[in-house]
Q: 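Quick one: this structure, given as structure tokens, is what I'll be asking you about.
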Amino acid sequence: MHTRVFLIGFMGSGKSTLGSKLARLIGYQFSDMDQLIEETAEMSVPSIFSEHGEEVFRKWEHDILTELCLHEKLVIATGGGAPCHSKMMDLMNAHGTTIYIHLPPEALRDRLIRSKTERPLIKGKSESDLLDFIKALLEKREFFYKQAKHIVEGINLRSEDLAELLMDS
Ligand code: S3P
């Protein structure tokens, strides 16, 4: 089993929830990139976007990812945009196992509507705008997401399923 496991996928695909459970199951540490960025910057992700802009956020994301690649026995929940910027997908594939948690746009919309996490990219969107936005962005992002070593269906996905996948690979 590879020493670093990167969970990738769109906002709301369950990377953080599944990642922390998976880490516990396989005895790895869990890291959440957004949380690490927030701790390092001492600012929330929405504040980073509003005060510094997305480009700065992506640079900090890249810095955090580079740092994480120096550590071992880690499950990492990445931000939804990370694989699509600054060659981060290549970096992850070079340093670990990548798993894309795939969900259809409608399921992502439903989850994002229910989610309590504030996400700057979707702030203030109506339900129908949100679905169009997800479809358009997912179409662009899947070019990167599909470079993952494994692609799994996210509906009813359990951390045990991910652990099994890692044992078999
Ligand atoms: C983003 C996803 C968020 C966070 C930021 C940008 C994106 O993480 O990194 O709001 O570009 O898709 P989650 O995927 O954990 O929501």
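Remember, predicted model here, so these are calculated numbers, not experimental data. Residue indices begin at 1 and follow the sequence shown. When a ligand or atom number is given, it counts from 1 through the structure's own listing order. What's counted below: heavy atoms across the whole structure, side chains too, no hydrogens, waters or symmetry copies.
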Q: Same hydrophobic cluster for F143 and L137, using side-chain heavy-atom links shorter than 4.5 Å among ILVMFWY?
A: no
Q: For ligand 1, which atoms have a heavy atom of M11 less than 4.0 angstrom away?
A: 2 (C), 12 (O), 14 (O), 16 (O)
Q: Please state whether E54 comes within less than 4.0 angstrom of ligand 1, counting heavy atoms only.
A: no
Q: Measure the shortest side-chain to side-chain distance between L112 and M11 over non-hydrogen atoms and say whether it is less than 4.5 angstrom.
A: yes
Q: Answer with yes or no whether the side chains of S47 and S50 bring together a donor and an acceptor at under 3.5 Å.
A: no
Q: Within the 4.0 Å heavy-atom shell around V45, which atoms of ligand 1 are there?
A: 5 (C), 10 (O)
Q: Find all atoms of ligand 1 within a distance of less than 4.0 Å from any non-hydrogen atom belonging to R119, and give their numbers and elements.
A: 16 (O)
Q: Hey, is NZ on K149 packed in by over 12 heavy atoms from elsewhere, all under 6.0 Å?
A: yes
Q: Salt bridge or not for D63 and K59, using N-O below 4.0 Å?
A: yes
Q: Quick one: nearest non-hydrogen protein atom to atom 12 (O) of ligand 1, plus distance?
A: R141 NH1, 2.7 Å
Q: Going by the atom numbers of ligand 1, which of them fall below 4.0 Å from some non-hydrogen atom of P120?
A: 10 (O)
Q: Can you confirm, on distance only, whether ligand 1 has an N/O atom lying under 3.5 Å from any N/O atom belonging to G80?
A: yes
Q: Quick test of your reading of the structure: of R58, K15, E118, M33, whose heavy atom lies closest to atom 11 (O) of ligand 1?
A: R58
Q: Do any N/O atoms on T78 end up under 3.5 angstrom from N/O atoms on ligand 1?
A: no
Q: Hey, are Y100 and E142 close enough side-chain-wise for a donor-acceptor pair under 3.5 Å?
A: yes
Q: Is L91 close to H62 at the side-chain level, that is, under 4.5 Å between some pair of heavy atoms?
A: yes
Q: Give the atoms of ligand 1, by number and element, whose distance to some non-hydrogen atom of D34 is under 4.0 Å.
A: 3 (C), 4 (C), 8 (O), 9 (O), 13 (P), 15 (O)
Q: Looking only at heavy atoms, is any part of T117 under 4.0 Å from ligand 1, and if so is it the side chain, the backbone, or both, or is it neither?
A: neither
Q: Under 4.5 Å between any side-chain heavy atoms of H95 and T3, yes or no?
A: no
